[in-house]
Amino acid sequence: MANRLAQSTSPYLRQHADNPVGWWEWSAAAFAEARRRDVPILLSVGYSSCHWCHVMAHESFEDAGLAGYLNEHFVAVKVDREERPDVDAVYMEAVQAATGQGGWPMTVFLTPGGEPFYFGTYFPPEPRHGMPSFRQVLEGVAAAWRDRRDEVAEVSARIVADLAGRGDVYGAAGQRPPTAAELRQAAVALGREYDDKRGGFGGAPKFPPSMALEFLLRHHASTGSAEALRMVEGSCAAMARGGIHDQLGGGFARYSVDSEWVVPHFEKMLYDNALLLRVYLHLWRATGSDLARRVTLRTADFLLAELRTPEGGFASALDADSAGPDGRNHEGAFYAWTPAQLAEALGPEDAVRAAALFGVTAAGTFEGGASVLQLPEDCDDAEWFASVRDRLLAARAERPRPARDDKVVAAWNGLAIAALAETGALLERPEYLEAALAAADLLVAVHLTPEPEGRLLRTSRDGRPGANAGVLEDYADTAEGFLALYSVTGDESWLTLSGVLLDTVLSRFTDEASGALYDTASDAERLIRRPQDPTDNAVPSGWTAAAGALLGYAALTGSERHRTAAERALGVVTALGPRAPRFIGWGLAVAEALVDGPREIAVVGPADHPGTAALRRTALLATAPGAVLAVGEPDATAVPLLTDRPLRDGLPTAYVCRRFSCDAPVTDPVALAEKLTVAL
């Protein structure tokens, strides 16, 4: 049977192109085929760096006998959740509602009309740990479809009705945005969940809480809360020194399987590293921490060294698995070390010292007696440490590398653009800004359609655009990245492009009556439910990311339309923030910016004047939540924040405003710094 995945832009789908399963991509044609044959659809959802997705593929989808049965009784549809987050979100909601849990691979059986009626995640090839085998599941579902069709129809109708009833849960978004008091309540609630001993929130598995940490940094800047800063410093130090942080090559793994950040799930995702890059940069900005600065630089270097594509974008992920000494794929094989491997790379004397420094023991912290490198304390011999790191990196480079998912996702590139643009400007590293500009150029050239409304495509690969329309997070995070580029470069084209994207958010993703936002456009493919979720997952929700970009754009342009939309969208944070702050951290961070203004900083002066540069740098170093910056020469720009801003005494001048009501202008960087660190 033909397999239709070979030409996909998704590396995950292409990995299944040689399966004996007759896979279809998600398409109207696949559903038409199911109707023609009168068989159910097997929907299998995963992603390239998903360990158990690879396991199930090897155990079941590569089995010719099982594939033959599957092809006979089902239409098999394979979906990359990173390409189609809308499909993933709708059916994951159904899985979680029915089973109380979810995960990937996600296995869902659908009617030819798309209605789900049976769910699961990973199924083993043989019955195991109380789970049926995948063959048993297929046979049971096929029998139910053949012999109990009325029961299947009843179940699917009930599930679809339940999902439809959830569609207006967030209809109260038009309520007022959070107050300063409610943001304090959210910070206190986070404190109750904070792990005092190990940093982070909750227990195992423990995920990097990037959005919550950004909120706490902004809360500290607004209120001076020492407790908020303590949680950020403790979490960032624990992650930076743990196994979740690649102590040799930089960058962070997806999460820690334990509560102490020791053993990670080794996949490295673009979005995690972009978000953490910004958190560590902002921690350095707030405290001057050497550790935060070092981690910031190494994370940025990792993005450029490991995830940049030849076209200038950033790839989605590095896999967790790679070939070990036995030639078989193992999770973490590229990253873990035994004492013998250290000795081979470093020699016996340096190996003993390195083992003590990195926590490598004979018993190991990982599978097969290997250890994941940690760095509980800094080495007091910088030259020796640099030599050891270089030699271990050289030895590791000889190992088989994890595969890379090299599709470019617009939203995650937007996050990387914002983080790298800010890092390049704050740490005066032009190569990071250049990388951010190259990624932005790729999004404009390949992802942004020439239509007047500026449609954005979600993915590309090898410079070739994918077929899937962008979802809300693509528009919001790309706009955020473009706004960051405008602030650090002064190039007005980035401000214009962000406005085009945000106008699409307002016209095609926003409910006019309530101010609520949907994850898909009004004219997108109709699924069994239009997905909508303001809570964070691995990345900021599209809903609150859009609120942040709308607020920043309004501050730069004076647009009441965009500011009102941001305020209405933040109504949902009022409801959820004090009760579930871990799950709406980015919304809380945006709300801190709203409460603070956000502050609008206009610096006017000749581009080549040292006074202009000094004021600009002072503004960039400001910790005021969500502050926006515009820099330009007097009367040489149409940007509203810069218009009618004369020089004072012929010198470069800074204006600090909120909602375009400004303090007295200043020419002294020290005076500007005071205006940006003391509550207005």
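The basis for the numbers below is simple: all heavy atoms, side chains too, and nothing from hydrogens, waters or symmetry mates. Residues take their numbers from the sequence shown, with the count starting at 1.
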Using atom types as modelled and distance alone, determine if a side-chain donor or acceptor of [X] lies under 3.5 Å from a backbone N or O of [Y].
{"X": "R429", "Y": "L297", "result": "no"}
{"X": "D405", "Y": "S316", "result": "no"}
{"X": "R404", "Y": "E306", "result": "yes"}
{"X": "H447", "Y": "L457", "result": "yes"}
{"X": "R278", "Y": "A419", "result": "no"}
{"X": "T423", "Y": "A421", "result": "no"}
{"X": "N19", "Y": "V21", "result": "no"}
{"X": "W412", "Y": "A410", "result": "no"}
{"X": "S49", "Y": "D319", "result": "no"}
{"X": "R308", "Y": "F314", "result": "no"}

Parallel, tilted or perpendicular: ring planes of H265 versus Y255, cut at 30 and 60 degrees
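Plane angle between 30° and 60°, so tilted.
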Look at the rings of H16 and W23 and say which category their plane angle falls in: under 30° parallel, 30 to 60° tilted, over 60° perpendicular.
perpendicular
With no hydrogens and no angle check, do the side chains of [X] and [Y] hold a donor and an acceptor under 3.5 Å apart?
{"X": "W104", "Y": "D88", "value": "yes"}
{"X": "R464", "Y": "S460", "value": "no"}
{"X": "E59", "Y": "Y122", "value": "yes"}
{"X": "K206", "Y": "S256", "value": "no"}

What's the spacing between [X] [atom1] and [Y] [atom2] if we round to 0.5 Å?
{"X": "Y69", "Y": "N71", "atom1": "OH", "atom2": "CG", "result": "12.0 Å"}
{"X": "D533", "Y": "F583", "atom1": "CG", "atom2": "CZ", "result": "11.5 Å"}
{"X": "F358", "Y": "S371", "atom1": "CZ", "atom2": "OG", "result": "12.0 Å"}
{"X": "L357", "Y": "D381", "atom1": "CG", "atom2": "CG", "result": "10.5 Å"}
{"X": "F302", "Y": "L248", "atom1": "CZ", "atom2": "CG", "result": "13.0 Å"}
{"X": "L393", "Y": "E398", "atom1": "CG", "atom2": "CD", "result": "12.0 Å"}

Any heavy-atom pair between the side chains of [Y] and [X] that's under 4.5 Å?
{"X": "P11", "Y": "R461", "value": "yes"}
{"X": "R353", "Y": "F385", "value": "no"}
{"X": "V108", "Y": "V45", "value": "no"}
{"X": "L420", "Y": "L304", "value": "yes"}
{"X": "V408", "Y": "L442", "value": "yes"}
{"X": "L138", "Y": "L66", "value": "yes"}
{"X": "K78", "Y": "L42", "value": "no"}

What do the steps show when you test D86 against D519 for side chain to side chain contact (heavy atoms under 4.5 Å, CB included), and what is the final call?
CA-CA 7 Å; D86 51 340; D519 292 333; 5.9 Å; no
Should the pair [X] and [Y] be classed as cation-pi, given the thresholds of under 6.0 Å to the six-membered ring centre and 45° from the axis?
{"X": "R582", "Y": "F201", "answer": "no"}
{"X": "R81", "Y": "W26", "answer": "no"}
{"X": "R241", "Y": "W261", "answer": "no"}
{"X": "R254", "Y": "F266", "answer": "no"}

Minimum-distance pair of heavy atoms, taken over all atoms of [X] and [Y]:
{"X": "I41", "Y": "A30", "value": "CD1-O, 4.4 Å"}
{"X": "S60", "Y": "F123", "value": "OG-O, 4.3 Å"}
{"X": "P105", "Y": "M56", "value": "CG-SD, 3.9 Å"}
{"X": "C236", "Y": "V279", "value": "SG-CG1, 3.8 Å"}
{"X": "F74", "Y": "R37", "value": "O-NH1, 3.3 Å"}
{"X": "A333", "Y": "S322", "value": "CB-O, 3.6 Å"}

Show your reasoning for whether side-chain hydrogen bond (donor to acceptor under 3.5 Å, both in side chains) applies to R14 and S10.
CA-CA 6 Å; R14 291 166 74 99; S10 163; over 6 Å; no
Partner of K407 under side chain to side chain donor-acceptor pair (under 3.5 Å), picked from D80, T9, T309, D462, is D80
Is the closest basic N to carboxylate O distance between [X] and [Y] below 4.0 Å?
{"X": "R84", "Y": "E525", "result": "yes"}
{"X": "R458", "Y": "E473", "result": "yes"}
{"X": "R135", "Y": "D63", "result": "no"}
{"X": "R293", "Y": "D290", "result": "no"}

Tell me, please, which residues at least two apart from E267 pass salt bridge (charged side-chain N to carboxylate O under 4.0 Å, His left out).
none
Evaluation steps, side chain to side chain contact (heavy atoms under 4.5 Å, CB included), between F31 and V77:
CA-CA 9 Å; F31 285 90; V77 174; 5.6 Å; no
Report, as yes or no, whether the 6.0 Å neighbourhood of atom [atom1] on [X] holds more than 12 heavy atoms from other residues, nucleotides or ligands.
{"X": "E126", "atom1": "CD", "value": "no"}
{"X": "E139", "atom1": "CD", "value": "yes"}
{"X": "D18", "atom1": "CG", "value": "no"}

Run the ring pair (Phe, Tyr, Trp, His ring centres under 6.0 Å) test on F119 and F109 for me, step by step, so that the C-alpha distance in whole Å, both residues' side-chain angles and the decisive distance to 0.1 Å come before the verdict.
CA-CA 6 Å; F119 316 91; F109 294 90; 9.4 Å; no
Run the side chain to side chain contact (heavy atoms under 4.5 Å, CB included) check on Y280 and T299 step by step: do they pass?
CA-CA 9 Å; Y280 279 94; T299 305; 5.6 Å; no
Is the ring centre of F61 less than 6.0 Å from the ring centre of F134?
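Distance test on ring centres: under 6.0 Å, yes.
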How far apart are the C-alpha atoms of F207 and D272, what are their side-chain angles, what is the distance that settles it, and do they pass the side chain to side chain contact (heavy atoms under 4.5 Å, CB included) test?
CA-CA 10 Å; F207 291 80; D272 284 319; over 6 Å; no
Tell me, which pairs form a salt bridge (Lys or Arg N to Asp or Glu O under 4.0 Å) where one or both residues lie in residues 321-340, sequence neighbours left out?
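Sorted result for residues 321-340: empty, none.
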Quick one, Y432 with D301, criterion side-chain hydrogen bond (donor to acceptor under 3.5 Å, both in side chains). Give me CA distance, side-chain angles, the key distance, then yes/no.
CA-CA 8 Å; Y432 300 154; D301 288 342; 2.7 Å; yes
